[in-house]
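Read through the structure below, which is laid out as C-alpha cells, and then see the notes.
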Protein chains: 2
Amino acid sequence: MTAARELNYFGPDPRARSLRQGRSGIVGVIIEDRVLNSFRDPMTLAALDGISQELGEGSGMLLLTAVGDGESTIQSAVFDAAIFMGCSPHLARSIEIMRQRNIPMVAIEGQAFDGVLAVSLDNREAARRIAQVVHDLGHTRVATVTLPLDALRSLRPLSEEIVAGATTAVSIDRLEGARDVFPDLDGVVAASSSSDDGLEAGLRLLTGSVSSRPTAILAQSDLLAVGVIRAAEQLGLAVPADLTVVGFDGARIEGFSDYQLTTMKQPATEKGRAAGAAVTALLAGEPASDVSFASVLRMGNTAGPVPG
Amino acid sequence: MTAARELNYFGPDPRARSLRQGRSGIVGVIIEDRVLNSFRDPMTLAALDGISQELGEGSGMLLLTAVGDGESTIQSAVFDAAIFMGCSPHLARSIEIMRQRNIPMVAIEGQAFDGVLAVSLDNREAARRIAQVVHDLGHTRVATVTLPLDALRSLRPLSEEIVAGATTAVSIDRLEGARDVFPDLDGVVAASSSSDDGLEAGLRLLTGSVSSRPTAILAQSDLLAVGVIRAAEQLGLAVPADLTVVGFDGARIEGFSDYQLTTMKQPATEKGRAAGAAVTALLAGEPASDVSFASVLRMGNTAGPVPG
DNA sequence: GGCCAGAATCGAATCGATTCGATCGGTGTG
DNA sequence: CACACCGATCGAATCGATTCGATTCTGGCC
C-alpha cells in the first residue's frame, strides 16, 4: 500500500479493466433529438430517471444523440448495453452495428425491431379508451393535436400524406387508437410536446366559425393539452363548458393547477426502471422479455358534454 | 475486407482502442442531485445542451450522479475529462481522485476548487444589480426566496444558521449580492427551483398582516418568481401594483405569458458551450482559463414602485 | 521429522488495437 | 548496373489489469 502510494498508483485504470473484463459498466442511452428537446419532455425525463434508479451506483449512463449519421460516436464509444429512447427507422443502421457487436439493446417505446427488447405502452388501446370517453359524452366534431410524426419540427395540418410517411410509432399508435373511435379524425401535427406548441395548435384549430369549430380536442400529450386549454382561454372559451380537452401522459405540470386534466396516466418512471432492469438482466446473461405497460384513465374536469 | 467480413470483424473494439490511445472520447458530466431534479431546472438543461453542442459528434456525455459516496462509478468509469454541474464541498473527494488520475476538470458554477477550471456567472454582482433596481423603486420591506442552500430539500425560513452551513455557492452568492443592497434581507429557502415551490414560498411570505407583508420579493430563480406571482394572485394581490417580484435566470417558461418577468438574464447555453470548449482545449493539451459570464438586466413588468 | 492439504505468491498469457522499428519491394537516378 | 530513397508490409512491443496455472509456503497431522 505504501509502495503503491509512493509510485502514485490510484486504483486500476478503467480502460484496461474494461478491456480485460469486457465490461465497462456503462449503458448507452440513445436519444434521437438534441438534448434540449428530448429532456424538455417530462416523460422522457422521468424514464431517464427510472433508468438511473435501476442501474444504481455501479454504472453510468452515456448520453448519445443519434442525429444524422451519428455512427461515429456509437461505433467508437465504450458501453455494454444500449437503451433507445424511442425507436424509429432512422436507427436501423445503428441497431445493425450493435447487433454485430453483440451489444444488448432495449428500446423504450417505438417501433419493434428484431433483436431489440421492447418496453412499451398500450398507446393505441389507451388512446382508444380516452377517445371513447369523449365519444360517450356525445362529441362528434372532434379534432386532435398529435405529437410530431416524423423528424420535421413544425406545426402543420394533419394529412394522410404525413401519416403515410410517419416514423414515430408512439404518435402513430395514439392516432390510430383515436381513429378507432373517430374514423375521420382530423387535426394538426404539433412541432413538439410543449404547452407553447399546444397553444399554437389550439389557436389554429379553434379559430373558425362556431359551427365548424370542434367541441372536443384530443391532445397526444398533457403539455399539448395544457396549451390547447390556454388557447381556449385566450379565445374566451370555457373548458369544459364550451370545449372538451383531454391529454395523454398524466404529467405533473408546473403552474397548471386551475384544472385537473382528463388524461391517460402512463407509468413513465416505471418504463425507465423496466428498461434498466432489462439491461441489467441481459448483461447478467439472464433471459429477459418485452415489457408492456398499461395506462390508467384519470378523469379530471376538462371533459364535459357537448355544449348547447 | 472480405476476409474481415468472413471473420465477423466489425471495426476496432472501443475498449482496446481506448486503452491503447489513452482516450475514450467520453466526457463525464457530474450532477449532484438525481437526474429528475437536476434536469427539471431549465438552466441546467440549457447548459447540458450547450456542452453537447460543443463536444459535437466525436464524443459522448457520461452522466454520473455524485450522490452519497458515489465514488464507485467515478472511479471505475471510463472518461477523459469531467464537467461538474455545480461544485460543492461534497465533491472534494471525487475531485481528489480525478486530480490524481490527471483528468482535466471543469465546473459550471459553484465553489472554486484547486485544479478545477471554473465557468461562472457574476452571481453576486447580478443579484446586487437587480436588488438595486428594487431598492431604487423605494422598497424597504423586502424578502427573498432562495434556491436550496444545502443538500436538504425542504421549505424553511432563512436563518443565519443555515447560511453559515450553506454549501451551494450559487445561492450564497446571490444572497450576498442581494444583502449588499438590503443588509438585513430575510426570507425563506425553497425546496427546489420550481414554480410549485415558489408558490409555496410565496404563500408563506405573503400571509401576514398587511403592514408587515413585504412589498417586494427577490426570487433567486425565474421559476421561483413565477410561483411567487401565482401565490400573489391567489391572495388577491396584483403584480406589480401591490407586490414587486423579480427573478433570476431569464428562462423561457412554459405557459407563463401574462407577465414579462423582471429578471437578470444569464447565458446558460453559453456556459455549457464554454465548458465544452474548455474541456476540448484541455484534452488537446492547450491551455485554458476560467471563464466568467455576465448577466443582463431585463426590465419586465413585474416590478413597480412601493404601493400606497 | 515427514508428508499433504490448503493458502499465498508468482509468472506468464490474455484482452485487442496501436505504434514503432525494421525489413522488403519497387522506382528513379548517377 | 548499382545505389539510394521512398513507400508498403511485417513483427514485436506496448497500454494496464485480470486470470489461470504453477510454484512456494504454511500449518496440521501422523
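For the numbers below, each heavy atom of this structure counts, side chains included, while hydrogens, waters and symmetry mates do not. Model, not experiment: these values are computed from the prediction. Residue numbers begin at 1 in each chain, while the letters A, B, ... track the order of the sequences.
Using a cutoff of 4.0 Å between basic side-chain nitrogens and carboxylate oxygens, A/Arg174 and A/Asp249 are scored as salt-bridged.
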I'd like to compare against my own output: the B/S/- annotation of nucleotides 10-15 of chain D with a strict under-4.0 Å heavy-atom distance to protein. ----BB
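Checking C/dT19, C/dA17, D/dT18 against the side-chain heavy atoms of B/Gln21 singles out C/dT19 as nearest.
Between the CG atom of B/Asn8 and the P atom of C/dG16 there is a distance of 13 Å, given to the nearest Å. Residue B/Arg17 contributes atom CZ, which lies 18 Å from atom P of D/dG16 at whole-angstrom precision.
With rounding to the nearest 0.5 Å, the separation of CG in B/Leu63 from CG in A/Leu62 is 9.0 Å.
For B/Leu283, the side chain to side chain contact (heavy atoms under 4.5 Å, CB included) partners at least two apart in sequence or on another chain are B/Arg23, B/Asp80, B/Ala81, B/Pro104, B/Val279. Residues passing the side-chain hydrogen bond (donor to acceptor under 3.5 Å, both in side chains) test with B/Ser38: none are found, sequence neighbours excluded.
By the 4.5 Å heavy-atom criterion applied to side chains, A/Asp222 and A/Met43 are not counted as neighbours.
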